[in-house]
Amino acid sequence: MGSGKYEKLTEISVIGYVREKLDFFPLNARLSAKEIGDGNLNFVYRVKDEEGGKSVIVKQSDEFARSTPEYHLTKDRSRIETEILEYQAGLVPEHVPQVFLYDEIMCCCIMEDLVQYRILRSELTLHKIYPDFAEQMAKFLSVMLICTSDAVMDSEEKKKLVKKFINPELCRISEDLVFTDPYTNAGGTNDVFPPMRMFVEEEIYGDKLLHTEVSKLYMEFKTNTQSLLHGDLHSGSVFINEDNIKIFDPEFAFYGPAGYDVGNVIGNLLLSWGAAVYVMEDGSEKEQFLSWIKETVEKLVIRFMEESRRLIIESSRDPLCNTPDFAFWYVEKIVQESAGFAGLEIIRRIVGEAHVKDVTGIEDPQKRIQAEKMLLRMGKILIGQRGEFICGKRFAQLMEGICRSDTD
Ligand code: SR1
Ligand code: MG
């Protein structure tokens with residue numbers, strides 16, 4: 001560790017590493033370590049004082065993706081992840097884990113262990129309800145996406161950030177796995193549930209109009225350096241409890257279209273909702289959960305729009321941008337694109353390589369087929385008709401309408 005060279009940590013060596021790097025645990029503490037990472041890219045260790053109970057997280061990157069070793073990546077993603085967490089801490093400190101140390105040589109970030117929180121995706125698969133999620137997430141998204149954009153920032157400062165967060169390799173993963181592969185299976189990486197093959201052939205691979213709309217969003221993703229994005233804001237990147245949310249794992253961060261982050265949040269809520277429609281027994285628990293997700297999507301959009309407009313009008317020093325008319329136009333466009341990106345997220349999580357357990361966890365194959373078909377139809381509407389999605393109500397109408405037509 002002291003050799004000044006990169007070394008892959010283990011459950012044994014990480015203990016000495018943390019002691020050496022961080023003055024966090026008492027000298028006589030009995031430390032234990034466990035690798036707890038379940039993501040696709042990195043190795044994550046929890047180092048814990050067995051008596052005192054305090055713990056930290058050590059996240060280390062390697063030159064390949066953990067789930068897919070053929071993806072060769074620079075370890076620079078640790079630097080990007082640390083720097084965006086530090087930048088976010090300046091804007092929304094209550095919604096990100098605290099970084100204690102970044103080690104450039106070991107490509108390690110040591111950070112706060114959010115032991116009081118649970119992963120949102122796991123909570124959604126248990127059909128737990130969090131009444132404040134929409135408000136909390138709308139605040140995180142509006143502050144991060146508006147305050148890092150040209151609508152509010154000084155032009156030169158913003159361009160320095162664009163440069164700092166250039167993230168070509170991780171963007172390439174998204175370009176392949178979100179935009180191209182699900183529609184063409186070009187990389188041969190798609191993983192379609194076998195009984196769904198025919199449906200996917202016809203409705204996804206065979207729909208040329210859909211491909212054209214996807215290509216427009218693909219170009220937005222590649223060329224629109226609008227806001228500093230988290231870049232992978234699915235429900236597995238959100239910690240939650242009754243009081244708060246914390247957003248973590250921002251290694252895909254880059255300057256891209258603001259609607260990408262908003263769309264990922266909406267898309268993942270819809271994936272949970274679509275699975276619950278078929279998996280939950282009819283009754284009040286199901287009604288409450290489905291209503292909560294629908295109201296959450298609607299409220300998230302409403303509050304994101306209100307807060308984003310307020311931030312632009314109050315914070316922009318540019319006389320051409322700090323007007324209600326500009327703010328209205330700017331935010332509405334983000335929401336329309338969010339609908340398209342939400343549709344892309346839904347489709348790629350069903351057709352592509354990286355699935356979500358909300359859907360793969362549906363044990364009954366017939367129910368999984370029904371859920372996947374409904375979600376794919378929904379994804380197509382979100383992409384193809386994204387121009388109509390200019391308010392929260394439109395998202396709620398989509399959920400009501402598609403549910404009626406699929407379950408009647
Ligand atoms: C090989 S990486 C696969 C997926 O995991 C990440 O969380 C991103 O969502 C990526 O697309
Ligand atoms: Mg991740």
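Index from 1, following the sequence.
At least one donor-acceptor pair under 3.5 Å links the side chain of His230 to the backbone N or O of Phe248. The closest donor-acceptor contact from the side chain of Asn241 to the backbone of Asp243 lies under 3.5 Å. Between the side chain of Lys380 and the backbone N or O of Glu203, at least one donor-acceptor pair lies under 3.5 Å. Remark: the backbone N or O of Ile383 is paired with a side-chain donor or acceptor of Arg386 at under 3.5 angstrom. In this structure a side-chain-to-backbone donor-acceptor pair under 3.5 Å is missing from Ser315 to Ile312. A donor-acceptor pair is defined here as one N or O able to donate and one able to accept, closer than 3.5 Å; no such pair exists between the side chain of Glu50 and the backbone of Leu31. In this structure, Ser316 contributes its side chain and Ala151 its backbone to a donor-acceptor pair below 3.5 Å. Judged purely by atom type and a 3.5 angstrom limit, His234 has no side-chain atom pairing as donor or acceptor with the backbone of Glu345. Using modelled atom types, no side-chain atom of Asp181 and backbone atom of Leu177 make a donor-acceptor pair closer than 3.5 Å. Of the possible polar contacts, none joining the Gln370 side chain to the Glu372 backbone as a donor-acceptor pair under 3.5 Å is found.
Here the closest non-hydrogen pair linking Ser61 and Lys75 is OG-O, 3.4 Å. Heavy-atom minimum distance, Val262 versus Ser338: CB-OG, 3.3 Å. Scanning both residues, Gly236 and Ile119, for their nearest heavy atoms gives CA-CG2, 3.9 Å. For Asp49 against Pro26, the heavy-atom pair with the smallest separation is OD2-CD, 3.9 Å. Across Tyr87 and Met153, no two heavy atoms sit closer than the pair OH-CE, 3.8 Å. Smallest separation of non-hydrogen atoms from Leu41 and Ala65: CD2-CB, 3.4 Å.
Leu170 contributes atom CG, which lies 8.5 Å from atom CG of Asp232 (distance to the nearest 0.5 angstrom). Between the NZ atom in Lys21 and the SG atom in Cys108 there is a gap of 9.0 Å [rounded to 0.5 Å]. Distance check: Leu114 CG to Ile240 CD1 gives 12.5 Å after rounding to the nearest 0.5 Å. Atoms CZ and CZ, from Phe24 and Arg19 in turn, are 13.0 Å apart once rounded to the nearest 0.5 Å. From Ile84, atom CD1 reaches atom CG of Leu228 across 4.0 Å, with rounding to the nearest 0.5 Å. In this structure, OH on Tyr260 lies 8.0 Å from CZ on Phe252, to the nearest 0.5 angstrom.
Contact check for Ser78 versus Gln60: no side-chain heavy atoms found under the 4.5 Å cut-off. No side-chain heavy atom of Leu269 sits under 4.5 Å from any side-chain heavy atom of Ser235. A heavy-atom distance below 4.5 Å is found between the side chains of Leu311 and Cys147. Under the 4.5 Å side-chain criterion, counting only non-hydrogen atoms from C-beta, Met378 is in contact with Trp273. Taking the side chain as every heavy atom from C-beta outward, Ile390 and Arg394 never approach each other to under 4.5 Å. Looking only at side-chain heavy atoms (C-beta outward), Tyr183 and Leu344 come within less than 4.5 Å of each other. Counting heavy atoms from C-beta outward, Arg317 and Asn322 have side chains that stay 4.5 Å or more apart. In this structure, the side chains of Leu120 and Phe239 stay at 4.5 Å or more apart for every pair of heavy atoms.
Salt bridge present: Arg310 and Glu314 bring a charged side-chain N and a carboxylate O closer than 4.0 Å. Between Glu51 and Arg30 there is a salt bridge, with a side-chain nitrogen of the basic residue lying less than 4.0 Å from a carboxylate oxygen of the acidic one. Ionic pairing of Lys333 and Glu337 is present here: one or more N-O contacts between side-chain nitrogen and carboxylate oxygen are shorter than 4.0 angstrom. The residues Glu83 and Arg79 are annotated as salt-bridged, a charged nitrogen and a carboxylate oxygen being separated by less than 4.0 angstrom. At a threshold of 4.0 Å, the pair Glu281-Lys286 does not count as salt-bridged, since none of the basic side-chain nitrogens sits closer than that to a carboxylate oxygen.
Remark: His355 engages Asp191 in a side chain to side chain donor-acceptor pair (under 3.5 Å) (not counting sequence neighbours). Every residue meeting the side chain to side chain donor-acceptor pair (under 3.5 Å) condition with Glu94, not counting sequence neighbours, appears here in chain and number order: Lys139. Checked against side chain to side chain donor-acceptor pair (under 3.5 Å), Lys393 has no partners two or more places apart in sequence or in another chain.
A side-chain donor from one of Tyr205 and Asn190 sits under 3.5 Å from a side-chain acceptor of the other. Donor-acceptor pairing under 3.5 Å is recorded for the side chains of Asn42 and Arg77. Checking Ser55 against Asp113 by side-chain atom types alone, a donor-acceptor pair falls below 3.5 Å. Ser13 and Lys8 are not linked by any side-chain donor-acceptor pair at a separation below 3.5 angstrom, with hydrogens and angles left out of the test. In summary, the side chains of Ser237 and Asp249 do not present any donor paired with an acceptor at a separation below 3.5 Å, with no hydrogens or angles considered.
Glu156 CD: 12 or fewer foreign heavy atoms inside a 6.0 Å radius. The neighbour count for Glu86 CD, taken as heavy atoms of other residues, nucleotides or ligands under 6.0 Å away, is above 12. Enclosure of atom CG in Leu126 by more than 12 non-hydrogen atoms of other residues, nucleotides or ligands within 6.0 angstrom is indicated. The number of heavy atoms from other shown groups lying within 6.0 Å of NZ (Lys128) is above 12. With a 6.0 Å radius and a threshold of 12 heavy atoms from other residues, nucleotides or ligands, Lys158 has its NZ atom above the threshold.
Residue pairs meeting the side chain to side chain donor-acceptor pair (under 3.5 Å) criterion with at least one member in residues 163-177, sequence neighbours excluded: Thr74-Glu169. Sorted by first and then second residue, the ring pair (Phe, Tyr, Trp, His ring centres under 6.0 Å) pairs involving residues 35-63 (not counting sequence neighbours) form an empty list. Each side chain to side chain donor-acceptor pair (under 3.5 Å) pair with one or both residues in residues 95-108, not counting sequence neighbours, appears once here: Tyr17-Asp103, His95-Asn244.
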Go through it in stages, so that I can follow the logic: the residues are Glu220 and Asn224, the test is side chain to side chain donor-acceptor pair (under 3.5 Å), and I'd like the CA-CA distance, side-chain angles, deciding distance and then a yes or no.
CA-CA 5 Å; Glu220 271 297 294; Asn224 183 359; 2.9 Å; yes
Can Ile350 and Leu375 be said to form a side chain to side chain contact (heavy atoms under 4.5 Å, CB included), step by step?
CA-CA 8 Å; Ile350 292 174; Leu375 284 163; 3.5 Å; yes
Residue pair Phe221, Phe254: steps toward the ring pair (Phe, Tyr, Trp, His ring centres under 6.0 Å) verdict:
CA-CA 10 Å; Phe221 182 85; Phe254 74 111; 4.9 Å; yes
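Cation-pi check for Arg368 over Phe193 is met; the charged atom lies under 6.0 angstrom from the ring centroid and within 45 degrees of its normal.
Among Val143, Leu141, Val331, Val152, the one residue that satisfies the side chain to side chain contact (heavy atoms under 4.5 Å, CB included) test with Ser308 is Val331.
Ring pair His72/Phe64: centre-to-centre distance not below 6.0 Å.
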